[in-house]
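Since the model is a prediction, treat every value here as computed from it, not as a measurement.
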Amino acid sequence: MQYRKDRHGNDISVLGYGCMRFTKNGGSIDLPKANREIMTAYKLGVNYFDTAYIYPGSEAALGQILEKNKIREKVNIATKLPQYLIASRKAIDKIFEEELSRLRTTYVDYYLMHHLTDVAMWEKLKSIGILDWIAEKKKSGQIRNIGFSYHGNTENFLKILNDYDWDFCQIQYNYLDDVSQAGEKGLLAAQEKGIPVVIMEPLRGGKLVNMLPESAKRLIEKYGNGQTPAELAFRWLYDQPGVTCVLSGMNSVEMVKENCRVATATPAGSFSNRDRKIVEKVKQLIRRNEKVGCTGCRYCMPCPKGVDIPGNFRCWNQMYIEGKNAGRMEFAQTVALSKEPPFADQCIECGKCEMHCPQGIKIREKLKEADRDLRPWYFKTGLKAARWYMLRKGKNS
């Protein structure tokens, strides 16, 4: 297993175990199976285990397995504060104590503010005393590293990244998300600040394996020197020195062994030009069904009315690459849940964006089409409720 350093010089395995997808049996986690998988990973060098308060049964299962095998002190636990459920300092304490109890531990190695999509969510936490709370927990040793997990646009990621002296962060990143969410720009910004980056969704929930076009699968099989689609995606990530740890939701011993093999054999800098050409060709094949040829270059930005033009187009394209629900979910996370949502209907058709678009896209016309697809009337109602829930102001109590 390869290891990369955290901010304090500790070794973190480049492959992390994502504990959200433990196999369930009759509604409960299959503990014997999860135990075999976790212990296989541990014996092969994995030392970073990621869970969260809202993953049903996950924290408790992980805690039981680590205690049973007497390896708690030999591994790192990462879990998360569900900031979207928090409205008071008292609630933070209650949830954290519950997490410690579930995990059967007295401390958390890596603790994250879960699922930030806008700087407003971080500001809400600050308004109810999160900074003092973090300081207290770090001083007591109950939290050793503090970070945040992120789903939103690059601009808000950079604001949150620069607003506090974070120990680490977690982002969605893969070869299709290189210019979306935090993106490569966010990864490099964290690297420049010396902040370790943990990667989630390296395979886009399996879509870079199970939903690849047949033409892309044949390309990898023919030119990939025996690589599987999953191996290609992981190696693309491991090649980047700014990537500290890549999470995988492994749910079989065979998957654990294979992922550990790849993690062991792929140092940064080992991705060849041939590999890069394959990835670029695969991306082209995946994007054949796109609705608009936006490359995410952002030359059209900023919009005088705040419309996130590439953000809207990216989610619209995703509807036709991965399915309507996937595109709308991405839209909800990265566009709609901003404090000041950059919806397409804010466009006043000034045309400034079209003057700068290298692709010659009829942006004003396409934004209208995108908005109709992304926000049907019934989806608007759900977005309104989600915005109220996620962005409501905290109350001191």
Residue pair Tyr111, Phe96: steps toward the ring pair (Phe, Tyr, Trp, His ring centres under 6.0 Å) verdict: CA-CA 10 Å; Tyr111 198 61; Phe96 184 68; 5.2 Å; yes

Electrostatic pair [X]:[Y] at N-O distance under 4.0 angstrom:
| X | Y | answer |
| --- | --- | --- |
| Arg89 | Asp132 | no |
| Arg328 | Asp373 | no |
| Arg364 | Glu349 | no |
| Glu369 | Arg372 | no |
| Glu201 | Arg204 | no |
| Glu254 | Lys257 | no |
| Asp167 | Arg144 | no |
| Asp308 | Arg298 | yes |

Residues [X] and [Y]: side-chain donor-acceptor under 3.5 angstrom:
| X | Y | result |
| --- | --- | --- |
| Glu280 | Tyr175 | no |
| Gln142 | Lys137 | yes |
| Thr334 | Asn153 | no |
| Trp133 | Asp93 | yes |
| Arg102 | Thr79 | no |
| Asn10 | Asp6 | yes |
| Thr23 | Lys33 | yes |
| Gln227 | Glu221 | no |

Heavy atoms of other groups near [X] [atom1], more than 12 under 6.0 Å:
| X | atom1 | result |
| --- | --- | --- |
| Lys43 | NZ | no |
| Met329 | CE | no |
| Lys126 | NZ | yes |
| Lys138 | NZ | yes |

Closest approach of [X] and [Y], non-hydrogen atoms and distance?
| X | Y | value |
| --- | --- | --- |
| Ile130 | Leu81 | CD1-CD2, 4.1 Å |
| Arg274 | Asn225 | NE-ND2, 3.7 Å |
| Arg36 | Thr40 | O-OG1, 2.7 Å |

Is the Tyr150 to Trp122 ring centre distance short of 6.0 Å? no

Centroid-centroid distance, Phe157 to Phe148, less than 6.0 Å: yes

Does the pair Arg72 and Thr105 meet the rule for a side chain to side chain donor-acceptor pair (under 3.5 Å), with working shown? CA-CA 8 Å; Arg72 168 63 188 102; Thr105 187; 2.9 Å; yes

If two hydrophobic side chains count as joined below 4.5 Å and joins carry through other members, does Val198 share a cluster with Tyr238?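 No, separate clusters.
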
Which residues share a side-chain contact (heavy atoms from CB on, under 4.5 Å) with Lys5, sequence neighbours left out: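 Asp11.
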
Between CD1 of Ile12 and OH of Tyr110, what distance do you get to the nearest 0.5 Å? 3.0 Å

Hey, does the Lys NZ or Arg CZ of Arg375 hover above the aromatic six-ring of Phe343, less than 6.0 Å from the centre and inside 45° of the axis?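 Yes, a cation-pi geometry.
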
With His115, which of Lys80, Gln333, Gln170 fulfils side chain to side chain donor-acceptor pair (under 3.5 Å)? Gln333

